[in-house]
Peer 1: 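Please find one structure pasted underneath; my questions will follow.
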Amino acid sequence: MDEREILGKLNEEQKKAVLAAEGPVLILAGAGSGKTRVLVHRIAYLVDVIGVMPGNILAITFTNKAADEMRSRVDKMIGFGSQEIWVSTFHSLCVRILRRYGELLGYTRYFSIYDTDDQLSLMKSIFKEKQVDTRYMKERAVLGRISSAKDELVSPKKYALLNRDFYGEKVAELYEAYQRKLLENNAMDFDDLLMNAVELFESHPEVLGIYQERFLYLMVDEYQDTNTAQFRFLSLLAGRTHNLCVVGDDDQSIYKFRGANIRNILGFEEIYPGAVVVKLEQNYRSTKNILDAANEVIRNNRGRKAKRLWTNEEEGEKIHFRRFLNGFEEAEFVCGEIASEVRAGRRAYRDFAVLYRTNAQSRLFEEKMLLANLPYRIVGGVNFYSRREIKDILAYLKTVDNAADDLQVQRIINVPRRGIGGSTVGKISGYAEAGGISFFEAACEVEKVPGVSAAAAKKVTSFTDQIGVLRARAEVGSISDLIKQLLEMTGYVEELKKEDTEEAKARIENIDELISKAVQYETKESSPTLSGFLEEVALIADIDAVEETDDRVLLMTLHAAKGLEFPAVYMSGMEDGLFPSRIALDSETPAEEIEEERRLCYVGITRAREVLTLTFASERMVRGEVVRNEISRFVKEIPRELVDMGERTNAQGRKMDLSGRGADAALRSAILSEPGKPAFGRTFEMPEASRRTRGTVKNEYSNPYKKVSSPRDTGEKKPPEFAVGDSVRHVKFGVGEVREIKDGGKDYLVTVDFPTWGVKKMYASFAKLKPV
DNA sequence: TATATAGTGTTTTTT
DNA sequence: ACACTATATA
């Protein structure tokens, strides 16, 4: 392509960004302003006009999905030689570097990557060892501190110097122990990938030099989300040439909690004097109304670079605002509207996204989607790779790949049951500690471990033998074969089959899916390795798995939606206390936190191309308690003339007032429920097809109108709605007869006689007993 | 050693 | 509401 072709379809600002080939460049790209387009064109310009070797260009993104998209667009535009261009996420780039040079830091090239579950188990073992009282200190809290420290490149030693109070000293000690264990296990957590890469560069200038020579032109997407470690990583790489082009939007910085440092983008010009700054303010995505709403909301933030998005688009529909009495109705409305739009042929399911602040909100939508038979996909929540059966199998694979990883070995030594208990594991562990060897090595010579009976030793040996066989197999066979072999050898699937429950069935299906993922990996990769497969699995993000081709409604958090766009978007739970979150409102620096929430709101609004609907529920169940909230302040920041406040017709075809008076609550609930049935007392079965992707779901709604007072929240307790002799229903035991009701302190203790289960004692509200 | 049950804690957002 | 842990018991 020549220069004219490359620049042809770009606007003036976009051209400016593409033409600034050398030196530091800051592209402030508003939502929907075509930043990926600019990046791709800029790469084409570098290669085809300036004559840069493709292999000297590096483009960094945050998610695999973004990397894949950029890769395919670059390939399409450049053609020959484009394969040489590096397009990678921060994390996978660091892994590549560390696999190659990690030995300089004491890791082998087979190091494991720990996810949050692994981190937690490791920290738990440290707590146990150091006898930390979990009443005063929580594993997760400590891990949080450590993670923040790593984001800021603070080593355990430095942490100890910076934190001299009692708690800080303890965290420093645990941080130190944690890092030592990771190294012993030949493992790194997510944050280590970056921190260690930086450490490698700083302690080994010759290694840094190699990469500085390779990556002569750097481009970084979503720059506003970079943390201190990522910033340092970039400045080191670009240290020689300063050819660093960053693209971001300070208004879309929503990852402060993960260490993102907004100063990286706000202060870019100070750090790189003479940087070319380009502002992309023309939006090509949304209607004028949607854009105006977004502008008006974000205008309320103080710490931001001045800008205002504009568009040549039509005004379009007004922003819809709908209010409901509770989350159930909210979900019902959203599902109903989607169903009728699709049925009328106006839109496909994939045109819709339902966004929410917290993952917990997804449940209501999921239930209603199932009832309404709408195809949907939930992004995030319980990750496929964090399911127990998947983690078990991966632990086997990791043991085969990296036997130094004690955590994985200990996870599977008794899975499936081999009769090896905690005490035997403890003895082997102590022996390993004393001898300075890994747990697995100790297990291999279990007969030398004091205190282990011959019978127990035999069981341990049969386990280590199995791993030995698998290891030999891994040398010659494929990964999918290896998985099949280990399943057969250990009888893992056999056990599940014997269980013969729906849950076990779902687990077997998940295992099959893992096998096909292994096959996929092996066909895709030119030189597949076990480490490579495990790495891909470890670094996958929920959003990466979303396929645009299948026609489903997408449900996800506002965070997960960043970078995506949809013709029609629902932003649900527009309530003060939920969005902005209670935690933000009650924090020590509410002003700052609310600004972050507002940016999140801005991100949500700007996902919509044509229709944006904001929904509000005045009551909502939060952790088993009914909570009432006011309309989100963000809604009020949208000018009234841009908003349609909505009317809704009831079952009788009468217009219902949704403008705010709650007096008709009883009326509405009466209308919505069928005669003789409670409004939401239905039970439902999950359709077979969705079981696999979401696991099992509990089979009953709770009544949204019932005020639940949990035994712990107040001293008050509600008398049971039944008396001795009445029939009651229990979720698991079915219908039974009440024999006795006693005051059990915080709650009523009820004795019930179930025909098939016998006499059971239980707390009334805890057991959710309902009169029949 | 394995299992059932009572008790406790949690959740805002995640590469 | 739900998951996880500690404890009791077989």
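So that the names make sense, note that chain A is the first sequence line, chain B the second, and so on, each numbered from 1.
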Peer 1: It should be established whether A:Asn64 places a side-chain nitrogen or oxygen under 4.0 Å from OP1 or OP2 of nucleotide B:dT15.
Peer 2: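 So the side-chain polar atoms of A:Asn64 never come under 4.0 Å of the phosphate oxygens OP1 or OP2 of B:dT15.
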Peer 1: Which nucleotide, B:dG9, B:dT11, B:dA2, lies nearest any side-chain atom of A:Arg140?
Peer 2: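 Looking only at heavy atoms from C-beta outward on A:Arg140, the closest nucleotide is B:dT11.
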Peer 1: Do A:Phe257 and the base of B:dT14 stack face to face, with centres under 5.5 Å apart and an angle between planes under 30°?
Peer 2: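 Per 5.5 Å and 30° rule: no stacking.
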Peer 1: Whole Å only: how far is the CE atom of A:Met556 from the P atom of B:dT14?
Peer 2: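 So the CE-P distance, A:Met556 to B:dT14, works out to 11 Å.
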Peer 1: Any Lys/Arg nitrogen of A:Lys150 or A:Asp192 sitting under 4.0 Å from an Asp/Glu carboxylate oxygen of the other?
Peer 2: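 Salt bridge: yes.
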Peer 1: When the distance from CZ of A:Arg582 to C1' of B:dT13 is rounded to whole Å, what number comes out?
Peer 2: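 That distance rounds to 17 Å.
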Peer 1: Would you say that more than 12 heavy atoms from the other residues, nucleotides or ligands in this model lie under 6.0 Å from the NZ of A:Lys138, or not?
Peer 2: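 Yes, because the 6.0 Å sphere around NZ of A:Lys138 holds more than 12 heavy atoms from other groups.
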Peer 1: For the side chain of A:Arg363, counting heavy atoms from C-beta on, which of B:dT10, B:dT15, C:dA1 is nearest?
Peer 2: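 Nearest to the side-chain atoms of A:Arg363, counting from C-beta on, is C:dA1.
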Peer 1: Answer with base, sugar-phosphate or nothing: what part of the nucleic acid does A:Thr89 contact at a heavy-atom distance below 4.0 Å?
Peer 2: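 Contact class for A:Thr89: none.
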Peer 1: Check A:Asp249 with A:Lys35, please: is the shortest side-chain N to carboxylate O separation under 4.0 Å?
Peer 2: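 A salt bridge is absent here (no side-chain N lies under 4.0 Å from a carboxylate O).
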Peer 1: Does any residue of residues 226-234 of chain A have a heavy atom under 4.0 Å from DNA chain B, and if so, which ones, in number order?
Peer 2: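 Hits under 4.0 Å, by residue number: none.
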Peer 1: Can you figure out which of B:dG9, C:dA1, C:dC4 approaches the side chain of A:Lys124 most closely?
Peer 2: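 Nucleotide nearest to A:Lys124's side chain: C:dC4.
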Peer 1: Between atom CZ in A:Arg258 and atom P in B:dT13, what is the gap in whole Å?
Peer 2: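 Between P of B:dT13 and CZ of A:Arg258: 13 Å.
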Peer 1: Under 4.0 Å between any heavy atoms, over every strand shown, what does A:Arg417 touch: base, sugar-phosphate, or nothing? Just pick one.
Peer 2: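 If one applies the 4.0 Å heavy-atom cut-off, A:Arg417 turns out to touch the sugar-phosphate alone, with no base involved.
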Peer 1: Round to a whole Å and report the spacing from CD1 of A:Ile254 to P of B:dT13.
Peer 2: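 Interatomic distance, CD1 of A:Ile254 to P of B:dT13: 13 Å.
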Peer 1: State yes or no: are the ring centers of A:Tyr255 and A:Phe257 separated by less than 6.0 Å?
Peer 2: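 For A:Tyr255 and A:Phe257, the ring centres are under 6.0 Å apart.
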Peer 1: Taking atom P of B:dT15 as reference, at what distance in whole Å does atom NE2 of A:His559 sit?
Peer 2: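 Between P of B:dT15 and NE2 of A:His559: 11 Å.
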Peer 1: For A:Ala584 and A:Asp191, find the nucleotide of DNA chain B closest to each by heavy atoms; which residue's nucleotide sits nearer the 5' end?
Peer 2: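 Whichever sits nearer the 5' end wins; that is A:Ala584.
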Peer 1: Could you state the CG-C1' distance from A:Leu578 to B:dT13, rounded to the nearest angstrom?
Peer 2: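 Rounded to whole Å, this separation is 12 Å.
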Peer 1: Is a side-chain N or O of A:His559 found less than 3.5 angstrom from the main chain of A:Ile254, in a donor-acceptor match?
Peer 2: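 The answer is yes, because a donor-acceptor pair under 3.5 Å joins these two groups.
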Peer 1: How would you list, by chain and number, every residue that makes a salt bridge (Lys or Arg N to Asp or Glu O under 4.0 Å) with A:Glu494, sequence neighbours excluded?
Peer 2: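 Checked A:Glu494 against salt bridge (Lys or Arg N to Asp or Glu O under 4.0 Å); zero matches.
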Peer 1: A:Glu596 near the nucleic acid: base, sugar-phosphate alone, or nothing, with a heavy-atom cut-off under 4.0 Å?
Peer 2: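 Counting heavy atoms under 4.0 Å across all strands, no contact is made by A:Glu596.
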Peer 1: For B:dT11, does OP1 or OP2 lie under 4.0 Å from any side-chain N or O of A:Arg357?
Peer 2: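 False: A:Arg357 side-chain N/O out of range (4.0 Å or more) of B:dT11 OP1/OP2.
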Peer 1: Take A:Gln410 and A:Ser125 through the test side-chain contact (heavy atoms from CB on, under 4.5 Å) and record every step on the way to the result.
Peer 2: CA-CA 11 Å; A:Gln410 285 176 22; A:Ser125 75; over 6 Å; no
Peer 1: Quote, to the nearest angstrom, the C1' distance that separates C:dA6 from B:dT11.
Peer 2: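 Each nucleotide's C1' atom is 23 Å from the other's.
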Peer 1: Of the candidate nucleotides B:dT10, B:dT13, B:dT11, which contains the atom at the shortest distance from the side chain of A:Thr557?
Peer 2: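 So the nucleotide nearest the side chain must be B:dT13.
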Peer 1: Pick out which of A:Lys391, A:Lys124, A:Arg411 makes a salt bridge (Lys or Arg N to Asp or Glu O under 4.0 Å) with A:Asp118.
Peer 2: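 Exactly one candidate clears the test, A:Lys391.
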Peer 1: For a quick check of understanding: with a heavy-atom distance under 4.0 Å over all strands, which category does A:Lys65 fall into, base, sugar-phosphate or nothing?
Peer 2: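 Result for A:Lys65 = nothing.
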Peer 1: Under 4.0 angstrom, heavy atoms only, what part of the nucleic acid is A:Asp189 near: base, sugar-phosphate, or nothing?
Peer 2: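 A:Asp189: no heavy atom of the nucleic acid under 4.0 Å.
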Peer 1: Just checking A:Phe62: base, sugar-phosphate only, or nothing, at a heavy-atom cut-off of under 4.0 Å?
Peer 2: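 Answer is sugar-phosphate: A:Phe62 comes under 4.0 Å of backbone atoms only.
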Peer 1: Establish whether the base of B:dT15 is bridged to the side chain of A:His91 by a donor-acceptor pair shorter than 3.5 Å.
Peer 2: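 Answer yes: a donor N or O sits under 3.5 Å from an acceptor.
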Peer 1: Tell me: CG of A:Asp68 to C1' of B:dT15, nearest whole Å?
Peer 2: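 So the CG-C1' distance, A:Asp68 to B:dT15, works out to 15 Å.
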Peer 1: Of the options B:dT14, B:dG9, B:dA2, whose atoms approach the side-chain atoms of A:Lys138 most closely?
Peer 2: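 Output: B:dG9.
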Peer 1: To the nearest Å, how far apart are A:Arg598 CZ and B:dT13 P?
Peer 2: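 Distance, rounded to whole Å: 21 Å.
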Peer 1: Parallel, tilted or perpendicular: which fits the ring planes of A:Phe533 and A:Tyr521, with parallel below 30° and perpendicular above 60°?
Peer 2: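 Plane angle between 30° and 60°, so tilted.
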Peer 1: Looking at A:Lys256, A:Arg598, A:Arg599, which hits salt bridge (Lys or Arg N to Asp or Glu O under 4.0 Å) with A:Glu592?
Peer 2: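 Looking at A:Lys256, A:Arg598, A:Arg599, the match for A:Glu592 under the salt bridge (Lys or Arg N to Asp or Glu O under 4.0 Å) is A:Lys256.
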Peer 1: Mapping A:Asn414 and A:Glu597 to their closest nucleotides on DNA chain B, which lands nearer the 5' end?
Peer 2: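 By nearest-heavy-atom nucleotide position, the 5'-most residue is A:Asn414.
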Peer 1: Heavy atoms under 4.0 Å, any strand shown: does A:Lys256 hit a base, just sugar-phosphate, or nothing?
Peer 2: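 If one applies the 4.0 Å heavy-atom cut-off, A:Lys256 turns out to touch nothing in the nucleic acid.
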Peer 1: Please write out the pairs of protein N or O atoms and N or O atoms of nucleotides 6-10 of chain C separated by less than 3.5 Å, giving the distance to one decimal.
Peer 2:
none

Peer 1: For A:Thr116 and A:Gln119, which I'm curious about, is there any donor-acceptor pair between the side chains at under 3.5 Å?
Peer 2: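 Side chains of A:Thr116 and A:Gln119: no pair found under 3.5 Å.
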